[in-house]
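All ligand and atom numbering here is 1-based and tracks the order in the structure.
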Amino acid sequence: MSTEQPAPQRAAVLKGLGTWLPRRAVSNEELSARLDTSDEWIRSRTGIRQRFWAEPGTATSDLAVEAGARALKSAGATGADAVVLATTTPDHPCPATAPAVAARLGLGTVPAFDVSAVCAGFVYATATAAGLITAGIAERVLVIGAETYSSILNPEDRTTSVIFGDGAGAVVLEAGGADEPGALLGFDLGSDGSHPDLITVPAGGSRQRLSDTEPDPADAYFRMQGKPVFTHAVTRMGQSSTALLEKIGWEKESVDRFVGHQANVRILHSLADLLGIDRERAVVNLDRVGNTSAASIPLALGDAVADGRITAGDRVVLSAFGGGLAWGSTALVWPDITTA
Ligand code: UT7
């Protein structure tokens, strides 16, 4: 009879976290001065009081490089074996943004590619990176969620302009054991492509070409049907996080922090109620940064770690939802790391 312990299962372990926001804060008052809206409407309907917008000339890769460099520093790493970048607002429709980010970070000729899953992008990118690690293809992967939504917002559309912001957040995942703090313990991912028009940029792809004879300029901007999206967001993030908890064997009551996609404080509170956890356990930072789509979860993690809402040893669930429709959840015991 052998007394040897079996080696812990290989897992992707979170080792570093970095965030970056453009300098310019845009208040509700500033938007109310040019759109038919008000600070009262925006705060009461969404919980948002400001967002950050990049100056024209600043692209998604510029934000991604800053967040990526900080995540590597936080992990004490100078290199990575791959870069996975989640974004809805790439620098260009072609090529992907990740190779430029990898090059600018001095990571050499590592594999680098974009993941397109709108606001669920960060969880999808994290799952992809975890797959590279658990398959033995990579030892360390830089995962970035970065957005410059200000570049696709219709300045005349109050329903989207007041909600979305720019920013970037990144994590470093390294190969380790499933029993280590920081190990990603499982994933629940899903999509429902039968509602493609609820969140869309209609033109600029192969379906509605920019070369169409009479293009409508408004079709090149982002659109969202807020009300039905709200309902889908609560349902799908609720189902996904519940399925994940069952998969990894955590009781709902044992969740210390729920980090949901920062779309609307009413959605986050509904999810806390649905999971049966105190609303205070739902991390909220959308009041400060708005909805930053693929950057939303790492930016929320960054704020929560910085102000002590998340500390080492906390059981943390991440859950995201967005256009596609697409959603996903993962969970980890928070590691003892310093963020940058
Ligand atoms: O990130 C991807 C996932 N996204 C989400 O999960 C977003 C989910 N949706 C939401 O968060 C909410 O639906 C919104 C915040 C987008 C909108 O809130 P709502 O309570 O669903 O408002 P609504 O769209 O039903 O609009 C209510 C009213 C309408 O006026 P009428 O028809 O009642 O006269 C809108 O025209 O509010 C009006 N409205 C506004 N009023 C002032 C819409 N946008 C604004 C605005 N300022 N910015």
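- Annotation: atom 36 (O) of ligand 1 to nearest protein heavy atom, R158 NH2, 2.9 Å.
- Close approach of ligand 1 to H261 (heavy-atom distance below 4.0 Å) involves ligand atoms 1 (O), 2 (C).
- Counting heavy atoms closer than 4.0 Å to ligand 1, residue W41 contributes side-chain atoms (C-beta onward) but none from N, CA, C or O.
- Of the protein's heavy atoms, R45 NH2, 2.7 Å lies nearest to atom 20 (O) of ligand 1.
- Nearest protein heavy-atom neighbour of atom 18 (O) of ligand 1: R266 NH2, 3.7 Å.
- For atom 32 (O) of ligand 1, the protein comes within 4.0 Å by no heavy atom at all.
- Checked against a 3.5 angstrom limit, the closest N/O atoms of T46 and ligand 1 fall outside it.
- For the atom pair CG (L21) and CD (E66), the distance works out to 11.0 Å, reported to the nearest 0.5 Å.
- Numbered from 1 in the order shown, with element, the atoms of ligand 1 that lie under 4.0 Å from a heavy atom of A233 read 6 (O).
- Residue V162 has at least one heavy-atom neighbour below 4.0 Å for each of these atoms of ligand 1: 48 (N).
- Hydrophobic clustering of Ile, Leu, Val, Met, Phe, Trp and Tyr side chains at less than 4.5 Å, counting indirect connections, unites I42 with L153.
- Side chains of S241 and W327 form no contact here, defined as non-hydrogen atoms less than 4.5 Å apart.
- Scanning the protein heavy atoms around atom 2 (C) of ligand 1, the nearest turns out to be C119 SG, 3.3 Å.
- Of the protein's heavy atoms, I163 CD1, 3.4 Å lies nearest to atom 16 (C) of ligand 1.
- Here the straight-line distance linking atom CG of D166 with atom CD of E55 works out to 10.0 Å at 0.5 Å rounding.
- Ligand 1 does not have H232 within reach: every non-hydrogen atom of the residue lies 4.0 Å or more from it.
- No more than 12 heavy atoms of other residues, nucleotides or ligands lie within 6.0 Å of CZ in R209, so this atom counts as exposed by the packing criterion.
- Between L275 and T242 there is a side-chain heavy-atom pair separated by less than 4.5 Å.
- The structure places CD of E147 at 4.0 Å from OG of S293, a figure rounded to the nearest 0.5 Å.
- Polar contact check, T159 against ligand 1: no nitrogen or oxygen pair lies under 3.5 Å apart.
- Under 4.0 Å from ligand 1, the heavy atoms of N291 that appear belong solely to its side chain.
- The protein non-hydrogen atom at the shortest distance from atom 47 (N) of ligand 1 is T37 OG1, 2.6 Å.
- Residues L271 and V259 are members of separate hydrophobic clusters, defined by side-chain heavy-atom contacts under 4.5 angstrom among Ile, Leu, Val, Met, Phe, Trp and Tyr.
- Within the 4.0 Å heavy-atom cutoff, M224 counts among the residues contacting ligand 1.
- Atoms of ligand 1 found under 4.0 Å from any heavy atom of A263 (numbered from 1 in listed order, with element): 4 (N), 5 (C), 6 (O).
- Side-chain N/O atoms of T160 and D157 include a donor and acceptor closer than 3.5 Å.
- Counting protein heavy atoms under 4.0 angstrom from atom 25 (O) of ligand 1 gives one or more.
- Counting heavy atoms under 4.0 Å from ligand 1, residue I267 touches it through the side chain alone.
- D336 CG: 12 or fewer foreign heavy atoms inside a 6.0 Å radius.
- Of the protein's heavy atoms, at least one falls inside 4.0 Å of atom 4 (N) of ligand 1.
- Residue-to-ligand polar distances place K227 within reach of ligand 1: an N/O pair is separated by less than 3.5 Å.
- At a distance under 4.0 Å, no protein heavy atom can be found next to atom 29 (C) of ligand 1.
- Closest of all the heavy-atom pairs between G182 and L332 is O-CD1, 3.8 Å.
- Of the protein's non-hydrogen atoms, N264 ND2, 2.7 Å is the one closest to atom 11 (O) of ligand 1.
- For the atom pair T78 OG1 and L107 CG, the distance stands at 9.0 Å (nearest 0.5 Å).
- Among all protein heavy atoms, the one lying closest to atom 9 (N) of ligand 1 is G226 O, 3.0 Å.
- A parallel orientation is assigned to the rings of Y149 and F164, their planes being inclined by less than 30° (bins at 30° and 60°).
- With ligand atoms numbered from 1 in the order given, ligand 1 contributes 3 (C), 4 (N), 5 (C), 6 (O), 7 (C), 8 (C) to contacts under 4.0 Å with heavy atoms of V229.
- Using a 4.5 Å cut-off on side-chain heavy atoms (C-beta onward), Q262 and N285 make contact.
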Exercise for the section: Decide side-chain contact (heavy atoms from CB on, under 4.5 Å) for T311 and W334; before the verdict, give the C-alpha distance in whole Å, the side-chain angles of both, and the deciding distance to 0.1 Å. Expected result: CA-CA 7 Å; T311 54; W334 195 256; over 6 Å; no
